[in-house]
Each structure stands twice: as structure tokens, then as C-alpha cells.
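The figures here come from the full heavy-atom set of this structure, side chains too, leaving out hydrogens, waters and symmetry mates. The chains referred to below are lettered A, B, ... by the order of the sequence lines, with proteins before strands, and numbering in each begins at 1.
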Amino acid sequence: MKAFWQQLIIQLRMDLRDKSILLVFYLVPLGFYAVVGSVFSAVNPEIKPVLAATMAIFSITMGAIIGLPPALVKLREAGSLRAYQASGIPSIAVLISLGASAFIHLSIVALIIFASAPSLFGAEMPQNISGYLVTLAALLLCSVAVGLLVGATAKNQPTAMMLSQAIFLPSLMLSGIMFPANLLPSLLQYLGSVLPATHSMRAFRGLAYGLVAEYSAPLALLTVIGIG
Amino acid sequence: MKRPILAVNNLRKKYGDVIAVDGVSLEIYPGEVFGILGPNGAGKTTTLECIESLRVPTAGTITVDGLHPIKDRALLRKTLGVQLQRSALPEVMLVKEALALISAWKGVPVPGQLIRRFGLEELKNKQYGQLSTGQKRRVELALALIGAPKLVVLDEPTAGVDVQGRAQLHEAIRGLKAEGITLILATHDMAEAESLCDRIAILIGGKLATLGTPEQLTAASKAQTRIIIRTRHGSLLGQGNIQKATYLRESEGFAYWLCKDTAPAVMELLGEAIRADDPVEDLRVERPSLEERFLEIVQGGESA
């Protein structure tokens, strides 16, 4: 267990040194949050109350789905996984430390957004903070699991990138985080219902903000955990 | 008779329809430096990866110090140190992090002695991606030695390393041998194998083509020994064949002969020089090299 903690600490530090990871875990999500918070919420006022939740979903989905798979594929392609394995480090420990490190970094970003959105952009504080944090944890868990699955199954970097985009772009457009999902044609709404981001948005609205959800918010939360 | 630290019996490994290793059997004894040579695709790395428990053999058995590589994988990691041919640590990992991580998983303290021995003190705070090829190889060798393994597998440890780095690694390998550590060395460098290895196996097409000491392998060569002589007055230049040697050529004052029986041929040539009252300034005898023997086997497709 001591060895695993050491591995996790080293992975956390390596992620902070890796420019491509920093970009997708911190810089792009926080930059996008700043743009959406200052500009987009003025254009679409409906987004303002739940800004923290929508930006948390965006950041976590981007970090986990765009950032994690290439990192895992790179470990495999460079022979690092084999080097670890040959040195007595189980592959499952590498996988878990990679996921746990992403979980921690993306939690930090989500908490920065959560703490700053009300003061910076006039977003509402959730009525139920526990509900917000539980939904956030479920979303993190689910997104990291999906990211690891994509990384583990993709044969190479181009495939990983293609699979990541196939999940990330619909998450952005169909989940209701950028504009209400009920404005979409029914086919796209149906497609959006397979995405964790869609159910997370519903869980945030129902459990954290006390807004009307299209169906039971606890069920949405369970769906997110189930997908994870 | 010593018990082998590694016994490979009739090892076979297939990838789909492709047979990568086909019935290889060999034994390696404690304290040996054992070389594995072969052209690309000969099955060297696959054989080593089966020993390292990175691949499951299709058939055959492997025993490493009494352990089964797959069933006893956890214990094997304490007995076996591995430097892989195609591997790299993450580019952003610090050398000290790599040392700490592998030490932690092997349950031993970070080895200060290895850090000093391989001159890693000044590299400790550098990222793996910032190291030169030679420095990377030194780090990888140190990592393979964490936990004091009995058997160390080095797969092309000097590939891509400059002359100075190569000499340092050779010195390190000799040091490990002097400590009684058993080493398996897979390499393309014939001179390296000849100078470092006690015994050498040559694999071709997944099969064991030959196995023996470097001397045994070169002695079996069909190539003849070269005798090269330079005398003060050049009396032997253009001499032609003698009884025990065939005249080959002359170049820059040196006369070259080929012979099968070295001592009588040298005696005969020295006699000729003495009779001509021509002092010998340089005399060299060159046995067929391991490289020549290797090429004979590869081109001839010989099999044990």
C-alpha cells in the first residue's frame, strides 16, 4: 500500500510537469470558464445560475475524456507500462494511480470553479452543497473510468483521439450544458441520453440547485455512477 | 555440478501462425555472463520476455532459481532484474522518482550505493526525457539492480550509446560479474559479446543454432587464421605461398597469409625472415572473429 501511495504522489507531480496534461486539466477548462462566465452567460442568461455545474461538467469531461486516453496510450506505446511491469509494478496500480491523479487534479479545477463562480460571474450557490459534491464525485468517477476505458482499448494515439472526440463533442453539444437539451431534436436528445454529462447535468439541477429535472435526479445520479 | 539458475526447456512461442521461438532449450549457471545473439527476428527478445514473465510461452518450461515465471511472478521480481530493449520511463519522471518508485515496489530502501556506482547523483533531479541515451541506459541498469537480484537480463544495453558510454557500461557489467551476479546479455554487438560473455547462444529463426564459449564458437569457424608480418627490409613481401600458409596480399609494408595450423605457419615465416637476415618489426595473428562465425551461421542456416 505504501508503494501505491508513493506511486500516486509521483503521478500527481508528473502530471503537473506534463505540459499537455496541464493544458487539458487546467489551462483550457479554466480559460473556457473565464470566457463562458464573462461572455456566454450574458448572451444566454439561463446558464448563469448553474454556471458552476456546467463548467464543472465541461472541465471534468474534457480532462478525463480528452486528457486521460492519450496519456495511457503514450505509457503503453513508449514501453513505460512494460518497464513498470518488468520492475514489479502491477499494471492495475499504474492504471489506478493515473485515474486517481486525474480525479484529484480535476477535483481541484471543479472546486476552483465552484468557489469562484458566484463572486466572479454572479452564479448562484447551490441550495444543497452536499448534493452538489456528491454529484461532482459521481461525475469525476464516471468520467475518469470512461477515459481509462478509452485509453485501454484504443490501439494508438489517433484512435484514442478519435474515440475521445466522439464522446467529448456530443457531451458538449447534447448534454444541456451549453444550451437546454429540450431544444434539440428528439433523435439528438435520445443520443444525448447515453452520455454521463447529460445525466450529471440533470442530477446537478435536481439535487444541488432544486430545479425541476426532466426525471428523477437521484436516478440521474445513479445512472452516472452506473455508467462509471 | 552446479544447479542452473535458469533452465529453459523446449520453449515455444507462437503469435498467431508465426512461430517466434521454436524449441529453445538452454541452462545458465550462477555467476555466468550468458550472451544471446541473433539477427533481427531471431526470437531473442521473445525468449527473454518469456523468462521475464512478460509473455506466456505457448509450450515448454522455464525455471528461474526454482520459480515459475507466471505462477511465481511476485517472487520472480525479487530474483530477476530486467532492462528491457524497448522501454522508456515517462519523459517527465525524475530519476530520483524512478529510483524511489521501484525501490518502494520492491520493498527496499532507495539504493545509495547504486546511485554512487552509476554516477546518478548529478542526474537525480533531471527528468528522464532530458537524459542522453547513455545516461538513460545507466539509469535503467541501476533500476534493474534494485533489490539485489540474482539474475539480471540486459536486452541490448548499449544500443545507441556512444563509445565512452559503452565503455562505462561494459565496465559496470564486468563489475557485476565480479560480484557473482548472473547476467543474460542480448546484443547485436559481436565484440561486446566476445569480450563480456562466458558462453553465447546464437538464435536463428526462433531456433538455437549453436551454443558455446566464444572460443568454441570461433574455433568452429570455417574461416582461416590470418598472419600479418612486417619486416625491416620487406623480404617477405610478394613471397607467395609457403608450405603451411597461403599468401593473401600485401599492404603498406605488411604481408598477409591465411593458415589453418597457426604455430607451424608462424615458425615457417619467422624462419624465412631469419634466413633473409631481415628483422621482424611487427607480427600479428588474427583468429576468425565471432562476427565471422556469426555470419557463417546466419548465412549458412546452421542449426544445432
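- Distance CD/B:Glu49 to CZ/A:Arg82: 4.0 Å, rounded to 0.5 Å.
- Contact annotation for residues 54-69 of chain B against chain A (heavy-atom separation below 4.5 Å, listed by residue number): B:Leu54, B:Arg55.
- By the neighbour-count criterion of 12 heavy atoms within 6.0 Å, atom NZ of B:Lys177 is densely surrounded, having more than that number from other residues, nucleotides or ligands.
- Among the candidates B:Val82, B:Leu84, B:Ile102, B:Leu89, the single residue satisfying the side chain to side chain contact (heavy atoms under 4.5 Å, CB included) test with A:Ser87 is B:Ile102.
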Please walk me through it: do B:Leu94 and A:Arg13 pass side chain to side chain contact (heavy atoms under 4.5 Å, CB included)?
CA-CA 10 Å; B:Leu94 301 179; A:Arg13 288 182 186 150; over 6 Å; no
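- Ranked by heavy-atom pairs under 4.5 Å with chain B, the list A:Gln11, A:Gln7, A:Lys19 is led by A:Gln7.
- Rounding to the nearest 0.5 Å gives a distance of 11.5 Å between CE of A:Met14 and CD of B:Glu91.
- Of all residues spanning residues 103-115 of chain B, those with a heavy atom less than 4.5 Å away from chain A's heavy atoms are B:Ala104, B:Trp105, B:Lys106, arranged by number.
- In the displayed structure, B:Gln164 atom CD is contacted under 6.0 Å by at most 12 heavy atoms of other residues, nucleotides or ligands.
- For the pair B:Arg77 (side chain) and A:Gln85 (backbone), a donor-acceptor distance under 3.5 Å is present.
- The nearest pair of heavy atoms linking A:Ile10 to B:Glu97 is CD1-O, 3.5 Å.
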